[in-house]
Peer 1: 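Quick one: the structure is below, questions incoming.
Both ligands and their constituent atoms are indexed starting at 1 by order of listing. Just so you know, these numbers come straight off a predicted model, no measurement behind them.
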Amino acid sequence: MKKAIIFGVTGQDGSHLLDLLLSKGYEVIGVARRCSVDTSERIKNRLECPHFNLVHGDITDASSVMNILRNNEDVDEIYNLAAQSHVGVSFKQPGLTWDITGKGCFNILQSIVDLGMFGSRFYQASSSEMFGDSYDIDKDGEKVQNENTKFLPQSPYAIAKCAAHYAVRLFREAYGLHASAGILFNHEGERRGETFVTRKITKWIGDWHKTGYDKNFPKLRLGNLEAFRDWGYAGDYVRAMWLMLQQEQPDDYVICTGKTHTIREFLDCAFGHIGIEDWEEHVVIDPEFYRPAEVDYLRGDCSKAKEKLEWEPECNLEDLVKIMVEHDVNANI
Ligand code: NAP
Ligand code: F7E
């Protein structure tokens, strides 16, 4: 039986990856922070599973990481999905974001080396945010980002992710670790955190629906609606993480849909799903949700993943919006 550790198992991706690995017959150790409230909502159906073990740990604490790895030196695969993952929050808490999202990855890599765990494979959750303002031009004259596009990070979060990404490359080259990084573009779904823009929109629609579309329901407050994002479904993307660790050689891969839409277009699609075309009267633009610097345009090219991993996204924007709106409309009824 293969064994894996997931740092960040209580998050959106951690919960999908846990489902995937258990379905493949893995034994999984999930690492979660100790909090004053229960954070296991997304994995509650898995807590009693005999092949799943939840342990407490914090990736900012090198000794905590070292202990977890020392207790599992025979582990086949280690996935680092833990992060302070909110870009807007990273401007307000840059030090914390650095400690978790940047240094946390170093803590895991260094422990793997110090314990001599060279047989374990490592996955790092890198991000399209690392591209920031940077892009290349494809054969159709359109802006695009791939594995060779330079990084121009636009937030403390993106800077921390760049540092972690370069650490993966360094540990691969310096110590021969089987360490891969997935440069994942935005991916969403019914388990997405409620402060990310897609879920904020679909959750608001669901809550409004439950009031019987009350005219006095507080409006949806959003920031910049003009940014473009390449949105996929989280369930599709964790398959790509797993595939990366099944390759003989470690490498970096862009994972995306290759399609891009503005927040405005997402709103069209989400409100369209409940039969509303003119959503503007329900939305207030609030400067609170603007960022000091924005990433204006993201559209990935995942040709390398298609060719080498034989991975393709299965869900387009309409499918994604349908999953999310229907989930939030039907939740708690
Ligand atoms: P998420 O829902 O915010 O989950 C982050 C996870 O990290 C949570 O389980 C969180 O635990 C855990 N965590 C935070 N600080 C920690 C610490 N100090 N020690 C241990 N665990 C800690 O993020 P996600 O959307 O699943 O994303 C997974 C990873 O992919 C993240 O690294 C993110 O930056 C990256 N990524 C995400 C996307 C995307 O579109 N979703 C795209 C590219 C890259 P709590 O439950 O206690 O908060
Ligand atoms: O913002 C705009 C905002 O917070 C998307 C993380 O998973 O993907 C995610 O980062 C866009 C931005 O995601 C609101 O300004 C408008 O242009 O949903 P988001 P993100 O910043 O793209 C990357 C790949 C990651 O790696 C990250 O971990 O939407 N926007 N109004 C808003 N955003 C939020 N959150 N809230 C608003 O009210």
Side-chain angles (χ1 to χ4, degrees), residues 6-18 30-35 37-43 56-61 64-65 68 79-91 96-97 99-101 103-105 107-108 123-131 154-155 157-158 160-161 164-165 181-189 191-201 204 220-234 237-238 241 254-256 261-264 266-267 283-298 300:
I6 304 175
F7 288 94
V9 73
T10 55
Q12 171 189 247
D13 291 6
S15 68
H16 281 288
L17 182 63
L18 175 62
V31 183
R33 298 187 279 188
R34 187 261 157 201
C35 289
V37 289
D38 186 5
T39 56
S40 63
E41 174 64 24
R42 293 183 178 104
I43 56 168
H56 280 140
D58 191 307
I59 62 164
T60 62
D61 182 336
S64 158
V65 172
I68 290 164
Y79 295 86
N80 179 28
L81 310 184
Q84 189 303 97
S85 73
H86 199 286
V87 175
V89 167
S90 79
F91 285 98
L96 178 79
T97 302
D99 285 348
I100 303 174
T101 309
K103 188 166 158 261
C105 175
N107 287 340
I108 302 173
Y123 173 84
Q124 167 62 14
S126 288
S127 167
S128 54
E129 282 293 302
M130 301 187 307
F131 296 121
Q154 286 280 90
S155 65
Y157 168 79
K161 280 290 180 191
H165 185 81
I183 307 175
L184 271 53
F185 283 60
N186 299 53
H187 46 281
E188 321 289 316
R191 302 183 195 177
R192 185 59 145 151
E194 292 172 10
T195 61
F196 296 95
V197 75
T198 55
R199 187 73 198 289
K200 188 171 166 181
I201 293 167
W204 186 90
L220 171 58
R221 307 186 80 82
L222 296 173
N224 177 21
L225 306 187
E226 314 308 332
F228 286 81
R229 288 292 182 276
D230 178 333
W231 282 298
Y233 179 59
Y237 285 33
V238 297
M241 299 175 186
V254 158
I255 301 297
C256 60
H261 301 275
T262 59
I263 320 302
R264 210 171 263 289
F266 190 94
L267 282 159
V283 172
V284 172
I285 300 302
D286 185 340
E288 165 74 18
F289 298 108
Y290 274 76
R291 293 165 184 180
E294 180 60 280
V295 171
D296 293 323
Y297 188 95
L298 290 174

Peer 1: Heavy-atom pairs closer than 4.0 Å: do any link ligand 2 to the side chain of Arg264, the backbone, both, or neither?
Peer 2: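 It is neither part, as no heavy atom is under 4.0 Å.
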
Peer 1: Applying a 4.0 Å heavy-atom criterion (strictly less than), which segment of His86 is in contact with ligand 1: side chain, backbone, both, or neither?
Peer 2: neither

Peer 1: Looking at ligand 1, does His187 have a heavy atom less than 4.0 Å from it?
Peer 2: yes

Peer 1: Relative to the ring of Tyr79, is the ring of Tyr123 parallel (under 30°), tilted (30 to 60°) or perpendicular (over 60°)?
Peer 2: tilted

Peer 1: Between ligand 2 and Ser128, can you find any atom pair, the residue atom being a heavy atom, that is separated by under 4.0 Å?
Peer 2: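 Ser128: in contact with ligand 2 (<4.0 Å).
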
Peer 1: At what distance is the nearest protein heavy atom to atom 12 (C) of ligand 2, and which residue and atom is it?
Peer 2: Arg229 NH2, 3.5 Å

Peer 1: Can Gln12 be said to touch ligand 2, with heavy atoms closer than 4.0 Å?
Peer 2: no

Peer 1: At under 4.0 Å between heavy atoms, is it the side chain or the backbone of Ile59 that contacts ligand 1, or both, or neither?
Peer 2: both

Peer 1: With a 4.0 Å heavy-atom cut-off (strictly under), which part of Tyr157 contacts ligand 2: side chain, backbone, both or neither?
Peer 2: side chain

Peer 1: Between Phe7 and ligand 1, find which residue part has any heavy-atom pair under 4.0 Å and reply side chain, backbone, both or neither.
Peer 2: neither

Peer 1: Using a 4.0 Å heavy-atom cut-off, say whether His86 meets ligand 2 through its side chain, its backbone, both or neither.
Peer 2: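 Near ligand 2, His86 shows its side chain, while the N, CA, C and O stay back.
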
Peer 1: What residue and atom, counting heavy atoms only, is the protein's closest point to atom 36 (N) of ligand 2, and at what distance?
Peer 2: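 Closest protein heavy atom to atom 36 (N) of ligand 2: Thr195 O, 3.8 Å.
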
Peer 1: Please work out whether any backbone atom (N, CA, C, O) or any side-chain heavy atom from C-beta onward of Ile263 is under 4.0 Å from ligand 2, and answer side chain, backbone, both or neither.
Peer 2: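 For Ile263, the contact with ligand 2 is made by the side chain alone.
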
Peer 1: Would Glu129 count as a contact residue for ligand 1, given that I'm defining contact as a non-hydrogen atom of the residue lying under 4.0 Å from a ligand atom?
Peer 2: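 It does not; every heavy atom stays at 4.0 Å or beyond.
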
Peer 1: What do we get for Gln12 next to ligand 1 when only non-hydrogen atoms under 4.0 Å count, side chain, backbone, both or neither?
Peer 2: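 Both backbone and side chain of Gln12 come within 4.0 Å of ligand 1.
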
Peer 1: Out of Leu222, Val89, Asn224, who is nearest to atom 16 (C) of ligand 2 when you count heavy atoms only?
Peer 2: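 Answer by nearest heavy atom: Asn224.
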
Peer 1: Using a 4.0 Å heavy-atom cut-off, say whether Ser85 meets ligand 2 through its side chain, its backbone, both or neither.
Peer 2: both

Peer 1: Heavy-atom contacts with Lys200 under 4.0 Å: which atoms of ligand 2 show up? List them by number with element.
Peer 2: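 Selected atoms, number and element: 37 (C), 38 (O).
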
Peer 1: Is the backbone N or O of Asp286 less than 3.5 Å from a side-chain atom of Arg221, with the two atoms forming a donor-acceptor pair by type?
Peer 2: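 A pair under 3.5 Å: no.
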
Peer 1: Taking only heavy atoms of Glu294, which atoms of ligand 2 are found under 4.0 Å from at least one of them?
Peer 2: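 Heavy-atom distances to Glu294 below 4.0 Å select 3 (C), 12 (C), 15 (O), 17 (O).
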
Peer 1: Looking at every non-hydrogen atom in both residues, tell me the closest pair between Ile59 and Val65 and how far apart they are.
Peer 2: CA-CG2, 3.7 Å

Peer 1: Quick one: which of Thr198, Leu220, Thr262, Val197 gives a side chain to side chain contact (heavy atoms under 4.5 Å, CB included) with Leu267?
Peer 2: Leu220

Peer 1: Taking non-hydrogen atoms only, is Val87 closer than 4.0 angstrom to ligand 2 via side chain, backbone, both or neither?
Peer 2: side chain

Peer 1: Val87 and side chain to side chain contact (heavy atoms under 4.5 Å, CB included): which single residue from Gln154, Arg291, Lys161 fits?
Peer 2: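 Passing option: Arg291.
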
Peer 1: Heavy-atom contact check, 4.0 Å cutoff: does Ser126 meet ligand 1?
Peer 2: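 Within the 4.0 Å threshold, so yes.
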
Peer 1: In the protein, which heavy atom is nearest to atom 13 (O) of ligand 2, and how far is it?
Peer 2: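 Closest protein heavy atom to atom 13 (O) of ligand 2: Asn186 ND2, 3.6 Å.
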
Peer 1: With heavy atoms of Ala227 as the reference, note each atom of ligand 2 found under 4.0 Å away.
Peer 2: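 Going through ligand 2 atom by atom, the ones under 4.0 Å from Ala227 are 17 (O).
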
Peer 1: Check each of Ser85, Ala82, Ser40, Gly30 against atom 22 (C) of ligand 1 and report the one with the nearest heavy atom.
Peer 2: Ala82

Peer 1: Report the part of Leu225 (side chain from C-beta onward, or backbone N, CA, C, O) that has a heavy atom under 4.0 Å from ligand 2; answer both or neither where that applies.
Peer 2: neither

Peer 1: Backbone, side chain, both or neither: what part of Gln84 comes under 4.0 angstrom of ligand 1, heavy atoms only?
Peer 2: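 For Gln84, there is no contact with ligand 1 at all, from either part.
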
